[in-house]
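Below you'll find the structure, written out as structure tokens, and then a few comments.
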Amino acid sequence: MLRRFWPWLWVSLGVLYFFLPIYATFVFSLKAKKGIFSLLAYDKVFADPRFGSSFVFSTQMALLTIFCCMLLLIPTLTVLHLFLRRLRPVVEFVALVPFVIPSVVLVFGYLRVFARPPLSITNSTLGTYGLLLAGYMVLSMPYMYRSIDAGLRAIDLRTLVEASQSLGAGWLTIFVRVIFPNIRVAVLNGSFVTFAIVIGELTMARFLLGNAVAFAPYLAEIGRARAYEPAAITVLSLLMTWGIVMILQLLGRNTSATIAGPR
Amino acid sequence: MANGAAQTWWRQIEWRKVGVSLTVVPFLLFAVLFMILPAGSLLIESFRNAQGQWTLANFADMNDPMIIEAYSMSLRISFTTAIIGAIIGLLVAYAVTVGGLPRGIRTAILTFSGVASNFAGVPLAFAFVATLGRTGIITVLLAQLGINLYKNGFSLYSYIGLVIVYVYFQFPLMVLVMTPALDGLRREWREASAILGANTAQYWRHVALPILMPAILAGMVLLFGNAFGAFATAYALTGGTLTMVTNVIAQEMSGDVLHNEALAYALATGMIVIMTITIGTYTVLQRRAERWLRA
């Protein structure tokens, strides 16, 4: 036991660093009423209609981002795997570009290019939402790329495609009924990360939509005005993150080291 | 398929190739429109003045106390949290791999690390306000013990506070990077060193650390980049009052604070350059580190 003293010490310190803020947040969120523990802060959170509306908005954006990323990446990657192997490093490189452009810089570039004449697409609500969607797709690109690529690598793509074609299937049928079901689990992995990124994303939403439309800017705004509600929301969003990670673990994939997301 | 006349045959192939290549066009178009064009536009504009003439003046203008402060703050925070995060992460990773702790602890720590490295941004800032803010649980607890943090120069909303918060998502990332590398240390190497008469210190000094060094450096570089591009955490914590590059760019977007738009483009270009160097270095080091992982 004594021989294991140092390893236990390091792990304990790590666990302490990890849990202390979470524990403190939980206790803090219950202290909205003076002197007793209560769920008052949670009641107030749920009573604010903007909590629900911003969460629903961000959830919708997340699902849309996942769908559009799949629409863009699955056909592209399938073709690369089947016919254009030489182009693969190029696309792989492009998918890593989001790592070198911090989201503040990216949204700055968007405002520079798209928010002024001749394009001015941020003048309409639809245009702004479209731009936000594109931004989210860029932020989640490395993760979606990696998971779809891993999925396609793991199956015998050529045989599946040739078998489908010899049975008379067109490309649409092949994508929807053969390729997608076979890479579903791998794609799910990237989808969860994308979901977490979009729900927690502050920068893009803050500078394209302003405060309080999307979830994270709304949170940041309440954080400045209130004391206990932010803690309550943090506990709620942490529970959700835990849920997502648990599902990922159940899917049998280890969480890998990544640096994008809602920092 | 190849039964037709030679000429029709090659024609068919070429057409098919063209058709196949076209399917990559939407992806490349998306990349050009939403990654290359915005970043490239900032890059180009940083070399032009307000009249649209080519110039290097914007970079010369960066020699300004506020800009220098912003860059030095960003670099210092990234560097400090990379070092601290790397040390803690390395020790924890060592404990769960070579340290010989039960298997369950290892799984739990890796799961924690997966969560914590993604637990950042606004909620993380709030969690630390509840912990070490003016009325935070730990602050109050220590005050009851007679230690008043805020009267002794500590503030969560300052440089030191930001370092503490950043390390929260930095060290778990290091754990995730180092665990596979430490797993790659083979028992035979240790045995071989022992047979040749090396003690534990010599084994670490001459065998294990040189093998681990690329992975350690790769991890530190990754942590550096992780902190350098971060914006949301500092924004939620300090409301963007700390002079960091990301904050200056953000303020410029909310309203003209620099009174010189081109200077903001130069700032953004500087960030992209630093991030490119960072990720490039990481990729090279990671490739070197993985050399030892192949069994």
Side-chain angles (χ1 to χ4, degrees), chain A residues 4 7-8 10-11 14 17-18 20-22 24-25 27-28 72 75-76 79-80 83-84 87 91 94 97-106 108-113 134 138 196 200 202-203 207 216 219-220 223-224 230-231 234 237-238 241-242 245 249 254-257 259 261-263, chain B residues 20-21 23-24 26-27 30-31 34-35 37-39 41-42 88 91-92 95-96 99-101 105 109-112 114-116 118-123 126-128 130-131 136-138 168 173 176-177 222 225-226 229-233 235-236 239 246 249-250 253 268 271-272 275-276 279:
Chain A
R4 303 253 185 268
W8 279 112
W10 304 133
V11 164
Y17 206 135
F18 183 76
L20 207 57
I22 293 176
T25 310
V27 173
F28 198 79
L72 186 67
T76 306
V79 168
L80 285 180
F83 310 112
L84 298 169
L87 257 183
V91 175
V94 170
V97 167
F99 279 148
V100 306
I101 311 176
S103 49
V104 171
V105 173
L106 192 66
F108 191 32
Y110 281 11
L111 292 176
R112 167 80 186 74
V113 173
V138 170
L202 173 97
T203 319
F207 290 106
L219 285 195
R224 270 193 293 277
T234 303
S237 80
L238 205 65
T241 317
W242 272 99
V245 171
Q249 297 276 325
N254 244 326
T255 35
S256 56
I259 71 159
R263 282 165 290 129
Chain B
V20 161
S21 306
T23 50
V24 192
F27 174 80
F30 178 86
F34 295 108
M35 298 186 211
L37 189 66
S41 147
L42 295 178
I88 302 179
L91 290 174
V92 173
V96 297
L101 296 184
I105 301 276
I109 289 287
L110 288 182
T111 310
F112 291 160
V115 178
N118 282 311
F119 180 37
V122 188
F126 290 171
F128 270 92
T131 313
I137 300 292
I138 301 292
Y168 190 93
L173 189 63
L176 292 177
V177 174
L222 190 70
N226 196 27
F231 169 70
T233 315
Y235 174 81
T246 42
I249 293 176
M253 276 190 279
M271 284 203 89
I272 296 179
M275 283 306 286
T276 308
I279 297 297

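To find a chain, count down the sequence lines: A is the first, B the second, and so on, and within it residues start at 1. Here the structure is a predicted model, which is why all the values come from computation and not from measurement.
- For the atom pair CH2 (A:Trp10) and CD1 (B:Ile109), the distance works out to 14.0 Å, reported to the nearest 0.5 Å.
- If you measure heavy-atom distances from A:Pro21 to chain B, the contacts under 4.5 Å come from both the backbone and the side chain.
- Heavy-atom minimum distance, B:Val92 versus A:Gly14: CG2-CA, 4.2 Å.
- A donor-acceptor contact shorter than 3.5 Å is absent between the side chain of A:Arg112 and the backbone of B:Leu42.
- Most heavy-atom pairs under 4.5 Å with chain A, from the set B:Thr131, B:Ile88, B:Leu91: that is B:Leu91.
- Looking at every heavy atom in both residues, A:Phe99 comes nearest to B:Met275 through O-CE, 3.3 Å.
- With respect to chain B, the highest number of heavy-atom pairs below 4.5 Å among A:Val91, A:Leu20, A:Leu106 belongs to A:Val91.
- Side-chain contact check for B:Ile105 versus A:Trp8: some heavy-atom pair is nearer than 4.5 Å.
- With respect to chain A, the highest number of heavy-atom pairs below 4.5 Å among B:Thr23, B:Leu101, B:Ile138, B:Val96 belongs to B:Leu101.
- Between B:Phe128 and A:Tyr17, the ring planes lie perpendicular to each other; the angle is over 60°, past the 30° to 60° tilted range.
- Note that CD1 of A:Ile22 and OH of B:Tyr168 are 3.5 Å apart. Values are rounded to the nearest 0.5 Å.
- Atom OG1 of A:Thr25 and atom CZ of B:Phe126 lie 11.0 Å apart (nearest 0.5 Å).
- Of all heavy-atom pairs spanning B:Gly99 and A:Arg4, the tightest one is O-NH1, 3.5 Å.
- Looking at B:Phe30, only its side chain comes within 4.5 Å of chain A, counting heavy atoms on both sides.
- Taking every heavy atom of both residues into account, A:Val104 and B:Thr246 meet most closely at CG1-O, 3.8 Å.
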